[in-house]
Structures are given as C-alpha cells and as structure tokens.
> 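I'd like to ask you about the structure that follows.
Sequential numbering from 1 along the given sequence is applied to the chain's residues. If you're wondering where the values come from, they're calculated on a predicted model, not measured in any experiment.
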Amino acid sequence: MTIQVDEDEQDPWTVLRISGELDLVTSPLIRRRLHAVVAVGRHDVVLDLSTVRFCDSSGVGVLVAARRLMRSCGGRLRLILPARGAEDGAHVNRVLAALGVRRLFEVYADVPAALDDAAEPLSA
C-alpha cells in the first residue's frame, strides 16, 4: 500500500494528513479512517492532501463520499490542496477540477488556514 495517514486533533477539528497515492487500493483505508473519526464523535475534519502524489476516480469517490458523510452528521469537511507543483497537491486539484467536483469542497492552502474559521476558502 502506498499511502500513509497521520491523525492530529486540533479542537474542534481532526486533521488527517494523507500522503502517497489515493487510488483503488488505498481508498478503502481512507474511507475506514473517516468513518472511525465520525464514529467517535469527531464531525469536523480537515483532509490534508498536500502530499498526495496521485489520485484516481476511486480517490475522488472517497472525497465525495466524505463530503456526504460529514454533511449527513452536521459536520464540516475542508481540504488542503496547495496550487503549487505536482509534488504538493496540485495533481488532486487538477483531477477534481477536470471531473467538475472541485467546487463541492472548501479548499485551503494549508492547515492553519483551514483551522481558522475567519479564513476564506480558495476559489475553485
């Protein structure tokens, strides 16, 4: 498996830092981690995708499902997708934009911005 997930709680947010490849093989792991976070009552989640090198349609499916899950429990989902080179998140940003789903997400440049309720999300 070519993915790593680190979890950090910064009340009220749970930050999941995902690095590697978000694909058919690794997407179920991300789905399980998100469900586990919600199951313990953590409903505000930041997914830091800034070090995801590759994302296929399965990965996009997990992100869309995560948005639906967080909305269903009254939670919030924010993504970290820096708009720099492919090595730090631009790939995922391009994939989401190409599939027309980028606008569904609140996207921030970094974790501190995502944790700041006064910060504005990046435009799609």
> For residues Arg42 and Asp11, determine if any side-chain heavy atom of one lies less than 4.5 Å from a side-chain heavy atom of the other.
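Arg42 reaches Asp11 side chain to side chain.
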> Please determine if Arg33 and Asp6 form a salt bridge, counting it only when a charged side-chain N lies under 4.0 Å from a carboxylate O.
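No.
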> Apply side chain to side chain contact (heavy atoms under 4.5 Å, CB included) to the pair Leu96 and Leu63, showing each step before the final yes or no.
CA-CA 10 Å; Leu96 293 177; Leu63 297 177; 4.1 Å; yes
> Taking Val5's backbone N and O only, do any of them form a donor-acceptor pair with Arg17's side chain (distance below 3.5 Å, no angle check)?
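Between the backbone of Val5 and the side chain of Arg17 there is no qualifying donor-acceptor contact (under 3.5 Å).
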> Kindly determine whether Val46 and Gln10 satisfy side chain to side chain contact (heavy atoms under 4.5 Å, CB included), including the steps that lead there.
CA-CA 10 Å; Val46 173; Gln10 300 190 33; over 6 Å; no
> Show every ring-ring contact (aromatic ring centres under 6.0 Å, His included) that has at least one partner inside residues 32-75, sequence neighbours left out.
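Checked against ring-ring contact (aromatic ring centres under 6.0 Å, His included) - neighbours excluded - the pairs reaching residues 32-75 are Phe54-His91.
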> Measure from the side-chain N and O atoms of Asp48 to the backbone N and O of Val111, and report whether any donor-acceptor pair falls under 3.5 Å.
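A pair under 3.5 Å: no.
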> Quick one: closest heavy-atom pair of Leu122 and Ala109, and the distance?
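That closest heavy-atom pairing would be CD1-N, 3.7 Å.
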> Do you know which two heavy atoms are closest between Ala119 and Ala113, and how far apart they sit?
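Looks like CB-O, 3.4 Å.
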> Minimum heavy-atom separation for Arg67 and Leu104, please, with both atom names.
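In this case the closest contact between Arg67 and Leu104 is NE-O, 2.8 Å.
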> Run the salt bridge (charged side-chain N to carboxylate O under 4.0 Å, His left out) check on Arg78 and Asp117 step by step: do they pass?
CA-CA 11 Å; Arg78 294 179 176 174; Asp117 285 331; 3.2 Å; yes
> Rounded to the nearest 0.5 Å, what separation is found between the CG atom of Asp23 and the SG atom of Cys55?
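Asp23 atom CG to Cys55 atom SG measures 8.5 Å (nearest 0.5 Å).
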> Which residue, Ile80, Asp116, Leu79, forms the side chain to side chain contact (heavy atoms under 4.5 Å, CB included) with Tyr108?
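Of the listed residues Ile80, Asp116, Leu79, the side chain to side chain contact (heavy atoms under 4.5 Å, CB included) partner of Tyr108 is Ile80.
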> May I ask you to test the Ser72-Arg68 pair for a side-chain heavy-atom distance under 4.5 Å?
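They are not in side-chain contact.
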> With heavy-atom distances below 4.5 Å as the criterion, would you say the side chains of Met70 and Val38 are in contact?
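With C-beta onward as the side chain, the pair touches.
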> If you define the side chain from C-beta out and look only at heavy atoms, does anything of Leu77 sit under 4.5 Å from Leu69?
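The answer is no, as the side chains (C-beta and beyond) never meet within the 4.5 Å cut-off.
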> What distance separates Leu22 CG from Asp56 CG, expressed to the nearest 0.5 Å?
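Leu22 CG to Asp56 CG: 7.0 Å, rounded to 0.5 Å.
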> Say you draw a straight line from CD1 of Ile30 to CD1 of Ile18; how long is it, rounded to the nearest 0.5 Å?
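Taking CD1 in Ile30 and CD1 in Ile18, the distance rounds to 4.0 Å.
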> Is it possible for you to say whether Phe105 and Leu99 belong to one hydrophobic cluster, with membership spreading through side-chain heavy-atom contacts below 4.5 Å?
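Yes.
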> Atom OG1 of Thr14 and atom CG of Leu47: how far apart are they, to the nearest 0.5 Å?
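Going from the OG1 atom of Thr14 to the CG atom of Leu47 covers 10.5 Å.
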> Is it true that a side-chain atom of Asp44 and a backbone atom of Arg76 form a donor plus acceptor pair closer than 3.5 Å?
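Pair found, side chain donor or acceptor close to backbone of Arg76.
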